[in-house]
Amino acid sequence: MAHVMLEAIRSKVEKETQKHQYGNALFWADKAVSLGGGDPKDIFTFVNILYLRGEYRRAVYFIQTNRLQISFYGAYLIAKCQAARGDWNEAKETLELLPEPSPLAPPPISADGVMTEQELMSSVYLLKGTVYQALDNHQFAAQCFKLALKEDPYCVEAYENLVYNHYYTGKCEGEIISDTIDNSDLTTEEAELIRFLYAGMSKKYHNQQKQIVPNSLTCFNNNVTVLTSQAERLYYNCRFNSSYETCLRALKIDPYHFPTLLVHIGCLYELGKKNDLFILGHKLVELYPKAYISWYAVGIYYSLIKKWESARQCLSKSTSLNKLFAAGWLAYGHAFAAEGENDQALATYFTASRLLKGCHLPLLYIGLQYGSTNNPLLAEKFFKEAISLAPNDPFVLAEMGALYTQTGKWEYALSYLQQVYRIAKQYDQAIKCFKHAQFLACDSSTVYTGLGFVYALQGNAILAVEYCHKALDKERQDPFTIQLLEMSLTALAGSGDKSDEEEIEQEEREEIKCTPTAF
């Protein structure tokens, strides 16, 4: 009889929790603990409801009085409560002293069975990363987020932290996705889904091409996450009207989706829509007064109408609410630079570059500031650092070319300009730039290699081979030129079996792996 009653009470607790009636759920969870004779499963259910109600100290007390802190899951819940209270150092100490996972006091049974050890370990690593991040130990935080993703590829919070907090470059993010999927037991369908969604969330600077939706995933064409990814890619390609229209589609589905709002705010600024930006900022501050995105929207509005002091006040508040908010830091620096406050602008950009290790934009703007103050050597230094993080961002390449133009280094200026054209797939213009550079630099191996590379992208294997040979006559051991020559000879040999379009696609795939750094 007692057993039947216990199961009925447990079922009632689950239903009340699903209805978010936590008061009812807590009352009956307490009775389930008594009926079950202190079964750890019932105690953890009781504690989890306390957590949902925000009663963190009470939750910790019940774990400790029932001696469940000696279990892995119990200690994890204590750390979770401590983190929720903002007691980061206490949470760190608890996590560092976690006992080994064991069957003792396992986590509660979910709808599809008991939580796996990998899922629990992923949650622990995610919490560790959050704690280290709050304590400004970003190196450890990034490692923990990677481990969380390794344990459970579905742990999207871990990947979001890696991407949105700019811990790694776009290339590294792609490697993390591949390593996560390759070292997991995901099915082919699961792997395709996760690769598609995570790739859409990654940085767009190094790859401006439109993401193709696989045939099996066309149901996501109107998904907010996918639409936001498309809008962001359009934004970085300066197609602001198209990006704006895509944002509107996404916001019609979910009007308060922060990642979409971030792109939308940028579009409103670029399109000069003052009224829309004012209304949006006012609405967000009213609805989300403690959200970084709200004060960012207001700050961008003030930037648009050139009220820089007010803009700085709002953007400062935005970055204080989210210390790793890249767009906020950059806009804050721009608000100083707009009034010629170079020292404050540089200080802001340097802070951003220290916090956002994988983002090249702070380095780009540091270079621009040094360039504007007639310090070309430091400008060149930071532009090169930005290129090392985002070698295919046309904005950085264009600024590098402009700097070399100002200093009279025409060969280098033309070489960087051709890269902008190459990334935009304007190959004829890229070849023209190289021809001019060839005239200025005479027999430069770098120019010959560049010409061979562009001809290879065009599918002209004959001219690619010709210019590779000219380059190797000048620099016989250049590894990129040798690899390019081998690829061109292979393409030439197989030209009877493959169409020009297929050759170009193959070259573009290889380009990602071996983009030259010499020009």
Side-chain angles (χ1 to χ4, degrees), residues 18 20 111-112 149 152-166 170 173-174 176-178 180-181 184 186-273 275-277 279-281 283-284 286-288 291-294 296-297 300 325-327 425 505:
Q18 291 174 351
H20 302 286
D112 58 348
L149 200 60
D152 182 9
Y154 281 94
C155 187
V156 67
E157 285 186 66
Y159 190 66
E160 284 179 337
N161 272 286
L162 292 173
V163 172
Y164 296 151
N165 297 328
H166 297 276
E173 289 170 359
I176 290 171
I177 295 172
S178 296
T180 298
I181 293 173
S184 69
L186 296 171
T187 65
T188 303
E189 293 78 10
E190 289 176 311
E192 183 180 41
L193 174 63
I194 288 177
R195 190 184 299 277
F196 168 68
L197 293 176
Y198 286 6
M201 294 162 56
S202 299
K203 290 182 176 62
K204 313 298 188 298
Y205 315 118
H206 71 297
N207 182 12
Q208 287 81 25
Q209 302 306 311
K210 181 179 179 180
Q211 186 182 22
I212 304 301
V213 180
N215 292 332
S216 60
L217 300 176
T218 53
C219 58
F220 290 99
N221 279 332
N222 290 318
N223 182 271
V224 172
T225 301
V226 175
L227 289 172
T228 301
S229 173
Q230 294 172 0
E232 189 178 6
R233 199 176 299 275
L234 290 166
Y235 181 86
Y236 287 124
N237 278 295
C238 297
R239 296 174 59 187
F240 301 121
N241 280 302
S242 297
S243 179
Y244 172 72
E245 294 297 332
T246 306
C247 285
L248 290 181
R249 287 174 58 195
L251 292 172
K252 188 174 181 180
I253 300 169
D254 185 353
Y256 304 113
H257 185 243
F258 281 11
T260 309
L261 285 171
L262 180 60
V263 184
H264 186 57
I265 291 166
C267 291
L268 293 176
Y269 176 84
E270 296 293 346
L271 297 173
K273 293 181 178 291
N275 291 338
D276 290 350
L277 195 50
I279 292 169
L280 177 62
K283 185 177 182 179
L284 287 174
E286 181 181 353
L287 296 176
Y288 300 100
Y292 65 92
I293 194 78
S294 304
Y296 174 72
I300 294 301
F325 182 34
K425 296 187 180 298
E505 290 176 353

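Just so we're clear, the structure is a prediction, and the values are computed from it rather than from any experiment.
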K.L.:
State the CZ-CZ distance between Arg239 and Arg233, to the nearest 0.5 angstrom.
P.N.:
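Here the interatomic distance stands at 11.5 Å.
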K.L.:
Using atom types as modelled and distance alone, determine if a side-chain donor or acceptor of Ser229 lies under 3.5 Å from a backbone N or O of Thr225.
P.N.:
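Checking the backbone N and O of Thr225 against the side chain of Ser229, no donor-acceptor pair under 3.5 Å is found.
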K.L.:
From Ile293 CD1 over to Tyr296 OH, what is the distance, rounded to the nearest 0.5 angstrom?
P.N.:
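OH of Tyr296 is found 7.0 Å from CD1 of Ile293.
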K.L.:
Can you tell me how far the OG atom of Ser243 sits from the CG atom of Leu234, to the nearest 0.5 Å?
P.N.:
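These two atoms lie 5.5 Å from each other.
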K.L.:
Return yes when atom CG of Asn221 has more than 12 non-hydrogen atoms of other residues, nucleotides or ligands closer than 6.0 Å, and no otherwise.
P.N.:
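Yes.
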K.L.:
Measure the CG-CD1 distance between Asp276 and Ile265 for me, rounded to the nearest 0.5 Å.
P.N.:
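If we round to the nearest 0.5 Å, Asp276:CG and Ile265:CD1 are 12.0 Å apart.
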K.L.:
Please give me the minimum heavy-atom distance between Ala250 and Val224, naming the atom from each residue.
P.N.:
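Nearest pair, atom of Ala250 first, then Val224: O-CG2, 4.0 Å.
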K.L.:
Taking the side chain as every heavy atom from C-beta outward, state whether Lys283 and Tyr256 have any pair of such atoms under 4.5 Å apart.
P.N.:
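A side-chain contact under 4.5 Å exists here.
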K.L.:
Given side chains that start at C-beta, do those of Leu227 and Thr260 come closer than 4.5 Å, heavy atoms only?
P.N.:
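No, side chains not in contact.
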K.L.:
To the nearest 0.5 Å, tell me how far His264 NE2 sits from Lys273 NZ.
P.N.:
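These two atoms lie 9.0 Å from each other.
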K.L.:
Can I get a per-line list of side-chain donor-acceptor pairs under 3.5 Å for residues 189-201, giving both atom names and the distance, sequence neighbours left out?
P.N.:
| unit_1 | atom_1 | unit_2 | atom_2 | d |
| --- | --- | --- | --- | --- |
| Glu190 | OE1 | Thr187 | N | 2.9 |
| Glu190 | OE1 | Thr187 | OG1 | 3.2 |
| Glu190 | OE2 | Tyr154 | OH | 2.7 |
| Glu192 | OE1 | Ser216 | OG | 2.7 |
| Tyr198 | OH | Pro153 | O | 2.6 |

K.L.:
Using a 3.5 Å cut-off and no angle test, enumerate the donor-acceptor pairs between side-chain atoms of residues 156-164 and protein atoms at least two apart in sequence or in another chain.
P.N.:
| unit_1 | atom_1 | unit_2 | atom_2 | d |
| --- | --- | --- | --- | --- |
| Tyr159 | OH | Ser202 | OG | 2.4 |
| Asn161 | OD1 | Asn165 | ND2 | 3.2 |
| Asn161 | ND2 | Glu157 | O | 2.8 |

K.L.:
Roughly how far apart are Cys247 SG and Gln230 CD, rounded to 0.5 Å?
P.N.:
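That separation rounds to 10.5 Å.
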K.L.:
Taking only residues two or more places apart in sequence, or in another chain, which ones meet Glu232 in a side-chain hydrogen bond (donor to acceptor under 3.5 Å, both in side chains)?
P.N.:
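Applying side-chain hydrogen bond (donor to acceptor under 3.5 Å, both in side chains) to Glu232 gives Lys204.
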K.L.:
Quick one: closest heavy-atom pair of Ile181 and Ser184, and the distance?
P.N.:
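Taking every non-hydrogen atom into account, O-OG, 2.8 Å.
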K.L.:
So do the side chains of Leu262 and Tyr235 get within less than 4.5 Å of each other, counting heavy atoms only?
P.N.:
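When only atoms from C-beta onward are counted, Tyr235 and Leu262 do not touch, as no gap falls below 4.5 Å.
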K.L.:
Would you indicate whether the side-chain heavy atoms of Leu186 and Thr180 approach each other to under 4.5 Å?
P.N.:
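Side-chain contact under 4.5 Å: no.
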